[in-house]
Structure formats: structure tokens, C-alpha cells
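So that the names make sense, note that chain A is the first sequence line, chain B the second, and so on, each numbered from 1. Keep in mind that the numbers below use all heavy atoms, side chains included, and drop hydrogens, waters and symmetry copies.
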2 protein chains.
Amino acid sequence: MTTSTPWLSPAELRAWLGLVAVAELLPAQLDSQLQRDATLTHFEYQVLAMLSEAPDHALRMSALAQRTNATLPRLSHVVKRLEDRGLVRRAPCADDRRATNAHLTPAGWDLVVATAPGHVRTARELVVDALTPAQVAELETITRALLGRLDPEGRLTPPLDGDTAG
Amino acid sequence: MTTSTPWLSPAELRAWLGLVAVAELLPAQLDSQLQRDATLTHFEYQVLAMLSEAPDHALRMSALAQRTNATLPRLSHVVKRLEDRGLVRRAPCADDRRATNAHLTPAGWDLVVATAPGHVRTARELVVDALTPAQVAELETITRALLGRLDPEGRLTPPLDGDTAG
DNA sequence: CCTCGGTAGTTGTTGCGTCAACTTTCCGGT
DNA sequence: ACCGGAAAGTTGACGCAACAACTACCGAGG
């Protein structure tokens, strides 16, 4: 804290405040849409989506926690609720008896399939369709640069495969 | 929902997932830094910062709620806690006896002044200094476009004045 | 003057996330 | 074979936000 404090220029300030506002509003809207259409949190949807893309529709809790940027306690609570709703099933892992595998149930898969289109639609309405193709490309490079700071270990970044997980 | 579902192209998907990841990680980091340095939530900091910029260091609860994108119940609880810590003082409004004015106390002012440099530093480390000037400019236009969708009433957008509120 | 709809805020309850234990299992060293 | 440390999950307690219900007040219309 002994270093001087270079203030933000007006342009930097506008960009910063804009990003903070987006980061505040976007998750709320995603939660709102998913809650309305599927009684799901955005995080719950992410969990189901990750499982739906995994081989055998199953993942270990720690792997799932990493890909969804969640702590293990948080994931444990959420998966318990999803299990109570019959969307996920928990089973001990054969290889490592400390571990637990979360399996997507048929009901869970059906819900993801039914929910994904509306979610994509929301993604378009709120973000993609509001930007030009050039801006979309620029947004990708910008977010990649930011994630280099926000997520140095690259837990959210490396899976650049095409999927509906957003 | 009878409309078809135009899926996201790979490029759109990467930009979308990148933005979602940033929107997930950035608030957590802001909370973390402010919690560590000032025992404040990012939202609490925003409340104090807004008051620090207001004439007479005071604002009506509803005005404060609008500028911080908070519901009135949420703000009421938060201001109560801040009042318990001596950072804010509540006083009935003379003009409208339904209304309450939140006043920043000297201690609250001191805390904002002490906290702002570190917060700006975080803004630089996580965002501004990770981008080129051109990208900063592009980020501003992109966020402005997104806020047109996310915040149609422009509650967060119009105050484009230069300040440390971020 | 009185009433009725709407506005400003507060309070209580519920739900989700975080943190701190705690249990169980794995693995390296002796 | 055994012991200590670390990893994988679960559980319970606490804090904060959302929602609903409630009080108090303003202001227009009869």
C-alpha cells in the first residue's frame, strides 16, 4: 500500500463502471429467467449442463466444483437439493472410495433439454444480439484477457469446447 | 416460445461464456478485496461511495437504492448495519415525512477516503491494466450496448459523471 | 374534510452461500 | 504393517438477500 495510486482516467472509469454494472445485472437476469422457466438457479443449471455434457452423464464432485467455479461445500448442498428433486443421483466412486460421482438422471436430462433453448434465447436477447459481430469478437478477446487476471489457474477458461453451458 | 431457437455460433459462444465467467468472478474478487481491507461488502462500499459524492453527504433511501441497484428492503438492512458501525446516520426527511435521509458520518467519510485507493488499485489490477487503451474504449461501448438491454431504464447508466463509485 | 390509491420505509421469514469443523479414505515414509 | 498428513465430501451454524406483509404518509377527488 505504499505505492502511489494512479487514478482512473475518465475513459477508464466509464469502462470500469460499465463492466461492474454488467457484472451486477447479468447474473440477476440469468437467475430470473431460469427461475421463471425451470425453477432453477443459474448455478443449478450450470451443474446440470456440465453433467449433460460429461461422458456417461456423470462427474466427480470435485471436478464438477472446479468447472462450475464452486466450493465443495456449496456444490454438496446444491447437489443434495437437486437429488431431492430427482434431477441428480449420487453414487460412491469405485476407484476412490473418498469420492462421490454425481449422475444426471433422465428427468435431469429432460429438464436441461427443455431449458436450454430458452436460456440461449436469453443469451441472445441480453448480450449477443445487442452487439455487432465485430464487437462479439472483441468481447471474446477482452474477456480472455480479464480471465487471465480473474482466473489465473484457468478453471473456467480452458474448456473452450462448444457447448450450451453458459 | 413458439419461435425457433437460433443456436450460438462458436465465436458467439466463446464470447458469451467469457462474459458469464467474468460476471461470476469479478464481484467475488471485489467483495474479497474490500472485505479484507475494510470489512466492507462491495455493495456497502458503493453505498458509502454514493453518499460521499452526494451534496451534503446525504441521500434519500430511495435515491440511494436506485443508484446502487438495490431493493429498498435490502438497502434498509444494509444501512441499519452501517449505522450500527457508526458509518452512516439516518434522519427523517423534513420535506416528506415518509422519507428517510441517509447521512455519511465523519467516520464513514474517513473509511471511504482510506479505502478508495486500494479499490482503484484492484480495479487496475483486475481489469484496466489487463487491457490496451483501445480495448478499454471498446469495453465501454460494449458495456453501454449491453446495459441498454440489461438496464433499459438506465438506473445505473445515466450518472456518467467522473467519480470513484465503481 | 374524508377517503382511497399510491409512495417511502421497515420488519420478519425463508433460502442460499460461506466458513469451520469433522469423517473417511488415500498415500508416502519407516 | 503402521503412522502421519493430505485429499474428498458432508454437515451444521452464521450472514446476507429476496419476498411478503405491514405501518406511515402524501395527494387527488368527491
Side-chain angles (χ1 to χ4, degrees), chain A residues 23-25 27-36 38-48 58-85 87-103 155, chain B residues 23-25 27-36 38-48 58-85 87-103 155:
Chain A
E24 181 109 4
L25 295 172
Q29 301 258 347
L30 296 183
D31 278 332
S32 175
Q33 180 260 317
L34 288 167
Q35 192 67 42
R36 173 166 43 77
T39 325
L40 283 176
T41 307
H42 181 227
F43 178 70
E44 292 172 331
Y45 175 77
Q46 281 178 314
V47 168
L48 298 181
L59 278 174
R60 284 174 54 152
M61 293 291 285
S62 34
L64 198 47
Q66 208 150 328
R67 301 192 199 193
T68 56
N69 185 40
T71 61
L72 221 30
R74 178 184 183 186
L75 182 64
S76 183
H77 283 134
V78 169
V79 167
K80 184 185 194 64
R81 288 172 224 144
L82 293 175
E83 194 173 24
D84 292 343
R85 291 171 63 179
L87 303 173
V88 160
R89 178 173 49 86
R90 270 189 289 193
C93 178
D95 303 355
D96 186 337
R97 275 184 297 189
R98 295 171 298 180
T100 303
N101 283 345
H103 294 261
R155 311 197 312 174
Chain B
E24 181 109 5
L25 295 172
Q29 300 260 352
L30 297 183
D31 277 331
S32 174
Q33 180 259 318
L34 288 166
Q35 193 66 43
R36 173 166 42 79
T39 324
L40 283 176
T41 306
H42 181 227
F43 178 71
E44 291 172 332
Y45 175 77
Q46 280 177 314
V47 167
L48 298 181
L59 278 174
R60 285 175 52 154
M61 292 293 283
S62 33
L64 198 48
Q66 207 149 330
R67 300 191 201 193
T68 56
N69 185 39
T71 61
L72 221 29
R74 178 184 183 185
L75 182 64
S76 183
H77 283 132
V78 168
V79 168
K80 184 184 193 68
R81 286 172 227 145
L82 293 175
E83 194 173 25
D84 292 343
R85 292 172 63 179
L87 303 173
V88 160
R89 179 174 47 86
R90 272 189 289 193
C93 179
D95 303 356
D96 186 339
R97 275 183 296 187
R98 296 171 297 179
T100 303
N101 283 346
H103 295 260
R155 312 196 311 175

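- Going from atom CZ of B:Arg74 over to atom P of D:dC19 covers 12 Å, rounded to whole Å.
- Distance B:Gln66 CD to C:dT7 C1': 13 Å, rounded to the nearest Å.
- When the C1' atom of C:dG15 is taken as reference, atom CG of A:Asp31 falls 13 Å away, rounded to whole Å.
- In this model, the phosphate group of C:dT11 is approached by a side-chain N or O of B:Lys80 to a distance below 4.0 Å at OP1 or OP2.
- The side chain of A:His77 has C:dT18 as its nearest neighbour among C:dT25, C:dT18, C:dG9.
- For the pair A:Glu44 and B:Asn101, both in contact range of DNA chain C, the more 5′-proximal nearest nucleotide belongs to B:Asn101.
- One can place CG of B:Leu72 at 14 Å from C1' of D:dC22, the figure rounded to the nearest angstrom.
- Computed from coordinates, the A:Leu75 CG to D:dT11 C1' distance equals 14 Å when rounded to whole Å.
- Looking at heavy atoms from C-beta onward, B:Lys80 lies out of side-chain contact with B:Arg85 at the 4.5 angstrom threshold.
- Picking from C:dA8, D:dG12, D:dG9 the nucleotide with the shortest atom distance to the side chain of A:Met61 gives D:dG9.
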Handout entry: side chain to side chain contact (heavy atoms under 4.5 Å, CB included) assessment of B:Leu75 paired with B:Leu64
Key = CA-CA 8 Å; B:Leu75 182 64; B:Leu64 198 48; 3.8 Å; yes
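- Counting non-hydrogen atoms under 4.0 angstrom, A:Thr71 reaches the backbone sugars and phosphates but no base.
- For D:dT10, one of the phosphate oxygens OP1 or OP2 lies less than 4.0 angstrom from a side-chain nitrogen or oxygen of A:Thr100.
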Handout entry: Stepwise side chain to side chain contact (heavy atoms under 4.5 Å, CB included) check, A:Thr100 with A:Arg60
Key = CA-CA 6 Å; A:Thr100 303; A:Arg60 284 174 54 152; over 6 Å; no
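- For the pair A:Arg97 and C:dC26, the criterion of a side-chain N or O lying under 4.0 Å from OP1 or OP2 is met.
- Per the geometry, CG belonging to B:Leu59 stands 14 Å off P belonging to C:dA8, to the nearest Å.
- Atom C1' of nucleotide C:dC26 and atom CG of A:Asp95 are separated by 13 Å, given to the nearest angstrom.
- In this model, the phosphate group of C:dG17 is approached by a side-chain N or O of A:Arg81 to a distance below 4.0 Å at OP1 or OP2.
- Between A:Leu48 and A:Leu40, some side-chain heavy-atom pair lies under the 4.5 Å cut-off.
- Listed pair B:Arg90 / C:dT10 meets the phosphate criterion, a side-chain N or O lying under 4.0 Å from OP1 or OP2.
- Contact of the B:Glu24 side chain with the A:Gln46 side chain is registered, since non-hydrogen atoms from C-beta on lie closer than 4.5 Å.
- Between the CG atom of B:Leu82 and the C1' atom of D:dA17 there is a distance of 15 Å, rounded to whole Å.
- Nearest-nucleotide positions on DNA chain D for A:Arg98 and A:Pro73 put A:Arg98 closer to the 5' end.
- For the pair B:Ser62 and C:dG9, the criterion of a side-chain N or O lying under 4.0 Å from OP1 or OP2 is met.
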